[in-house]
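Presented below is the structure to which this report refers.
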Amino acid sequence: ACEIARMESYLAWVLVGYASLFDFGLGRALTQQVAQRLGSGRDGEVPALAWTGLAVMSVAGIVVAAILAAAAPWLVMRGLKIPAALQAETLDALRILCLSIPFVTCSAGLRGLLEAKQRFGLVNIVRAVLGILTFLGPAAVLPYSNDLGSVMWLLLAVRVAAWIASLVLGLRVVPGLRSGIVVRRDQLAPLLSAGGWITVSNVVGPVIIYLDRFLIGALLSAAAVAYYVTPYEIITKLLIFPAAFAAVLFPEFAVSSRGAGHAASLYSSALKYTFVFLFPAVLTVLAFAPEALAWWLGREFAEQGATVARVLAVGVLLNSLAQVPFTLAQATGRADWAAKLHLVELVVYVPVLWAAIAAAGIVGAAVAWSARVAVDLAVLAAMARRLLPAPAAGPGRLWLGAVVCCGAAAGAWLIPGPAARTLFVAVVLIAFVVISWRSWLSQEEKAGLRAWLT
């Protein structure tokens with residue numbers, strides 16, 4: 001019973017994750033349009049634009065929820081290959097999930113509004129609390145109930161609470177919204193136009209990201225999905241940092257694109273800070289994934305998921321770096337480049353992922369995912385070189401140093417025994433700090449760090 005309950009909680013996390021597919025990029029489009037109006041002094045247009053965008057996103061969420069609810073029986077019984085013993089509970093859970101989709105999509109619009117007003121602290125507080133409750137909620141319910149439906153009702157309540165919090169914050173940050181809901185047709189066209197290629201990226205991108213879960217369920221089993229998704233969800237939480245960073249960079253890139261030197265400097269600094277922040281965490285995962293998973297979920301889970309966690313950790317580091325040129329492309333009016341890249345990736349990635357899963361199971365899926373984001377980073381970095389109005393100083397040294405550091409980190413994977421790995425990680429981290437200080441930090445950054453430490 002305990003094993004079934006644990007599997008059900010993993011399925012709940014998977015199902016809730018699917019709801020984030022249905023933003024359709026309109027949250028980012030709303031950010032762009034609202035920021036544009038605020039920057040040009042047209043504050044009076046913001047309330048109507050915001051309510052129009054929120055209305056469109058809410059309607060889209062309701063339509064998607066209705067379609068998913070109608071398709072739920074097929075998904076449970078055939079598409080995801082749910083074991084017969086879990087089909088009834090999973091079907092109920094999927095229907096409960098449908099209720100959360102309109103709240104998730106509308107929350108994305110409210111988050112976009114807050115980001116346009118540069119209230120990133122409020123956005124990150126809501127995100128952090130939502131993430132914590134999403135993971136701790138099932139753990140709190142399982143001692144009292146093994147029913148997957150109970151877990152999903154709790155997660156639905158968390159999503160509704162996040163929507164309410166975002167709405168309250170939006171009304172506070174943009175007081176004009178309190179005057180009443182106003183939906184104007186003339187505001188719809190610029191919103192959809194601005195979100196055109198951004199929407200393509202934000203639809204195709206999540207489909208690519210979540211495709212591995214569907215194929216693992218279809219080709220292997222629901223248990224294999226759990227073994228894959230659990231380390232995936234843990235490791236990809238590291239993307240919270242670059243995602244929050246990208247939200248800040250988006251309006252900055254849009255403005256600084258008019259200033260050649262600042263745009264290049266901002267781009268180089270963003271890459272540098274992303275790598276410096278995430279490399280120690282990735283190194284730790286590479287070194288201690290087996291022990292961490294065994295301590296948390298048991299030896300069997302560690303045997304199944306440790307290699308997946310390590311491969312995905314490398315991919316997450318690459319994907320984090322890719323967020324910087326991706327944000328640059330969207331902010332400087334070339335969202336079509338990133339969108340076309342995603343479309344090409346989708347066509348190529350599906351057969352590659354299928355073959356990788358068939359050949360190597362969930363480890364093959366992790367390798368395919370990490371290889372895709374590596375190609376993504378290389379192409380986006382080439383795009384960034386063309387988009388920057390002036391050469392960016394520093395990325396060359398950063399790329400070289402990153403390759404050296406990642407090569408050293410790979411050694412943590414090969415060294416047997418936690419004691420030896422601990423010593424190795426300490427040596428690599430000392431070398432990493434020295435390289436960062438001598439090669440990547442400017443004199444101004446060193447002075448600022450010294451002042452902060454003292």
Side-chain angles (χ1 to χ4, degrees), residues 7 10-11 13-15 17-18 20-21 71 74-83 200-236 238-239 282 285-286 289-290 293 300-322 326 338-382 406-407 410 413-414:
M7 184 180 296
Y10 298 143
L11 287 172
W13 285 343
V14 174
L15 294 172
Y18 292 156
S20 62
L21 290 173
W74 179 87
L75 286 173
V76 170
M77 298 175 187
R78 296 188 181 183
L80 298 177
K81 292 186 177 180
I82 303 297
V200 172
S201 277
N202 286 356
V203 170
V204 177
V207 169
I208 294 175
I209 291 174
Y210 285 88
L211 185 62
D212 47 8
R213 308 178 185 199
F214 284 103
L215 288 183
I216 289 171
L219 297 176
L220 302 177
S221 66
V225 175
Y227 286 128
Y228 179 83
V229 167
T230 302
Y232 180 97
E233 290 293 341
I234 297 169
I235 301 303
T236 54
L238 293 173
L239 293 172
V282 171
V285 173
L286 288 173
L293 286 175
E300 179 184 354
F301 217 106
E303 292 174 354
Q304 297 288 339
T307 301
V308 171
R310 284 168 157 170
V311 174
L312 289 176
V314 176
V316 163
L317 179 60
L318 299 176
N319 197 25
S320 299
L321 293 171
F326 175 76
K340 291 171 184 175
L341 171 61
H342 284 150
L343 289 172
V344 173
E345 280 185 357
L346 180 61
V347 174
V348 176
Y349 183 53
V350 172
V352 170
L353 179 62
W354 189 296
I357 293 173
I362 58 175
V363 174
V367 171
W369 190 91
S370 296
R372 178 191 62 80
V373 298
V375 173
D376 200 45
L377 172 59
V379 176
L380 287 169
C406 289
W413 192 334
L414 304 176

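The figures that follow rest on heavy atoms only: side chains count, while hydrogens, waters and symmetry mates do not.
Taking the six-membered ring where the residue is Trp, Phe326 and His342 present tilted rings, their angle falling between 30° and 60°.
Between Leu211 and Trp354, the closest side-chain pair of non-hydrogen atoms is not below 4.5 Å. Between Pro290 and Arg310 there is a side-chain heavy-atom pair separated by less than 4.5 Å. Taking 4.5 Å as the limit, every side-chain heavy atom of Leu220 sits out of range of all side-chain heavy atoms of Tyr228. At least one side-chain heavy atom of Val229 sits under 4.5 Å from a side-chain heavy atom of Arg213.
Heavy atoms only, all atoms of each residue included: Tyr349 and Trp369 are closest at OH-CA, 3.5 Å. Closest of all the heavy-atom pairs between Ala368 and Leu353 is CB-CD1, 3.9 Å. Between Ala309 and Pro231, the shortest heavy-atom contact is CB-CB, 3.9 Å. Taking all atoms of both residues into account, the shortest heavy-atom contact from Val348 to Val352 is O-CG2, 3.3 Å. The nearest pair of heavy atoms linking Val200 to Ala339 is CG1-CB, 3.8 Å. Scanning both residues, Leu380 and Ala322, for their nearest heavy atoms gives CD1-O, 3.7 Å.
In terms of the side-chain hydrogen bond (donor to acceptor under 3.5 Å, both in side chains) criterion, Ser320 has no residue partners (sequence neighbours excluded). Checked against side-chain hydrogen bond (donor to acceptor under 3.5 Å, both in side chains), Asp376 has no partners two or more places apart in sequence or in another chain.
Of the inter-residue distances, the one linking Leu318 atom CG with Arg372 atom CZ reads 11.0 Å to the nearest 0.5 angstrom. Note: Asp212 CG to Ile357 CD1 = 6.5 Å, rounded to the nearest 0.5 Å. Taking CD1 from Ile362 and CG from Leu215, the interatomic distance works out to 14.0 Å, rounded to the nearest 0.5 Å. Here the straight-line distance linking atom CD1 of Ile216 with atom OH of Tyr227 works out to 13.5 Å at 0.5 Å rounding.
Looking only at distances, no side-chain donor or acceptor of Ser370 sits under 3.5 Å from a matching main-chain atom of Val314.
Of the options Val316, Ile235, Leu312, Leu317, a side-chain contact (heavy atoms from CB on, under 4.5 Å) to Val285 is made by Ile235 and by none of the others.
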